[in-house]
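For this chain, numbers begin at 1 and follow the sequence in order.
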Amino acid sequence: MKLKIIAILFVLLGFAGFHFSQTAMADNANVPENTAVAVERFAPIAPEQAKELMQSEDCIVLDVRTLEEYNEGHIPNAVCLPNETITADNPEVARLLPDKDQLILTYCRSGKRSQQADEKLAALGYTNIVNIGGILNWPYEIVK
């Protein structure tokens with residue numbers, strides 16, 4: 001009799017464990033990207049790669065620092081759209097970035113704001129975003 005009860009308990013525990021593991025997997029499928037995934041998704045590329053893209057691709061170089069920082073020095077042909085202004089209700093976003101599939105290379109001072117901007121742009125439907133990090137690591141020409 002004890003053996004039957006123990007066997008039934010093991011079967012029930014097995015079903016419960018299976019159910020909970022399936023529920024956890026289903027719940028995780030609906031969870032938005034977490035920070036670790038976001039960091040990996042928009043990890044900065046090397047300046048050399050960015051320079052090659054700028055020379056070979058039709059792209060927008062997007063400086064997401066403040067206008068004051070931009071005016072102190074920026075990558076040639078970059079346009080300024082401060083990170084804190086990237087919102088769905090800002091018409092400047094659509095004006096500067098009309099094609100949601102165009103290659104957009106983002107940068108800031110150190111790479112943190114450009115990563116935040118990348119996430120915002122992706123949430124707004126932009127599909128071809130490449131983070132080039134921070135201007136602090138940019139070894140090429142700067143326009144002042």
Side-chain angles (χ1 to χ4, degrees), residues 5-144:
I5 293 173
I6 291 173
I8 291 172
L9 285 174
F10 275 116
V11 170
L12 289 174
L13 286 173
F15 280 124
F18 177 76
H19 171 74
F20 287 124
S21 70
Q22 294 300 310
T23 303
M25 287 187 340
D27 288 346
N28 287 338
N30 297 321
V31 172
E33 292 182 350
N34 63 30
T35 305
V37 172
V39 168
E40 182 179 306
R41 181 174 172 196
F42 295 113
I45 63 172
E48 298 78 22
Q49 292 173 295
K51 184 83 166 164
E52 284 180 31
L53 285 172
M54 288 176 200
Q55 293 171 341
S56 66
E57 300 285 332
D58 177 28
C59 64
I60 294 176
V61 180
L62 189 64
D63 187 325
V64 299
R65 300 174 299 155
T66 65
L67 185 57
E68 293 77 24
E69 290 173 297
Y70 175 86
N71 288 335
E72 290 172 4
H74 57 273
I75 294 174
N77 301 314
V79 295
C80 182
L81 183 63
N83 177 43
E84 60 274 1
T85 68
I86 300 174
T87 60
D89 61 347
N90 181 356
E92 196 69 2
V93 175
R95 186 183 74 74
L96 290 173
L97 309 170
D99 181 357
K100 292 193 175 195
D101 295 321
Q102 183 173 19
L103 176 59
I104 302 170
L105 306 177
T106 62
Y107 75 94
C108 61
R109 186 182 69 81
S110 66
K112 182 176 180 181
R113 285 178 284 176
S114 59
Q115 195 162 28
Q116 293 168 349
D118 294 347
E119 288 296 327
K120 290 178 183 181
L121 291 169
L124 293 174
Y126 291 89
T127 61
N128 200 4
I129 308 160
V130 175
N131 188 320
I132 62 176
I135 199 165
L136 292 176
N137 298 322
W138 187 251
Y140 305 108
E141 177 187 6
I142 303 290
V143 176
K144 291 188 178 190

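Side-chain contact between Leu62 and Leu121: present, with at least one pair of heavy atoms (C-beta onward) separated by less than 4.5 Å. With a 4.5 Å cut-off on side-chain heavy atoms, Leu96 and Leu81 count as touching. Under the 4.5 Å side-chain criterion, counting only non-hydrogen atoms from C-beta, Ile104 is in contact with Leu97. With contacts defined as side-chain heavy-atom distances shorter than 4.5 Å, the pair Ile135/Ile142 qualifies. The shortest distance between side-chain heavy atoms of Tyr126 and Gln102 does not fall below 4.5 Å.
For Lys112, the NZ atom is loosely surrounded, since the number of other residues' heavy atoms within 6.0 Å does not exceed 12.
In summary, Glu69 and Arg113 engage in a salt bridge, as defined by a charged side-chain N under 4.0 Å from a carboxylate O.
Checked by atom type and distance alone, the side chain of Tyr70 pairs as donor or acceptor with a backbone atom of Ala78 at under 3.5 Å. In this structure a side-chain-to-backbone donor-acceptor pair under 3.5 Å is missing from Ser114 to Gly134.
The CG atom of Asn128 sits 8.0 Å away from atom CD of Glu57, with the distance rounded to the nearest 0.5 Å. Rounded to the nearest 0.5 angstrom, Cys59 SG and Leu105 CG are separated by 4.5 Å. Rounding to the nearest 0.5 Å gives a distance of 8.0 Å between CD of Glu72 and CD of Glu68. With values rounded to the nearest 0.5 angstrom, Ile129 atom CD1 is found 12.5 Å from Lys120 atom NZ. Summarising the geometry, atom OG1 belonging to Thr106 is positioned 9.5 Å from atom CG belonging to Asn83; distances are rounded to the nearest 0.5 Å.
Nearest heavy atoms, Gly111 versus Cys108: N-SG, 3.0 Å. Taking both residues in full, the closest heavy atoms of Ile86 and Ala117 are given as CD1-CB, 3.6 Å, listed atom of the first, atom of the second, then distance. Closest approach of Glu141 and Pro76 over heavy atoms only: O-CD, 3.3 Å.
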(Q) Go through it in stages, so that I can follow the logic: the residues are Leu124 and Val93, the test is side-chain contact (heavy atoms from CB on, under 4.5 Å), and I'd like the CA-CA distance, side-chain angles, deciding distance and then a yes or no. (A) CA-CA 10 Å; Leu124 293 174; Val93 175; 4.2 Å; yes
Q.
Could you walk me through whether Thr85 and Asn90 satisfy the side-chain contact (heavy atoms from CB on, under 4.5 Å) test, starting with their C-alpha distance in whole Å, then the side-chain angles of each, then the deciding distance to 0.1 Å, before giving a yes or no?
A. CA-CA 7 Å; Thr85 68; Asn90 181 356; 3.5 Å; yes
Q: I would like to know whether Thr66 and Glu84 meet side-chain contact (heavy atoms from CB on, under 4.5 Å); could you show each step before the answer?
A: CA-CA 9 Å; Thr66 65; Glu84 60 274 1; 4.0 Å; yes
(Q) Leu103 vs Val130, test: side-chain contact (heavy atoms from CB on, under 4.5 Å). Steps then yes/no. (A) CA-CA 7 Å; Leu103 176 59; Val130 175; 3.6 Å; yes
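A search for salt bridge (Lys or Arg N to Asp or Glu O under 4.0 Å) contacts involving Glu92 returns Arg95, not counting sequence neighbours. Applying the salt bridge (Lys or Arg N to Asp or Glu O under 4.0 Å) criterion to Asp63, with sequence neighbours excluded, gives Arg65.
With Ile132 as the fixed residue, the side chain to side chain contact (heavy atoms under 4.5 Å, CB included) test singles out one of Asn137, Ile75, Leu53: Ile75.
Side-chain contact of Asn131 with Asp118: a donor-acceptor pair under 3.5 Å is present, judged by distance alone.
Relative orientation of the Tyr140 and Trp138 rings is perpendicular, given thresholds of 30° and 60° on the angle between their planes.
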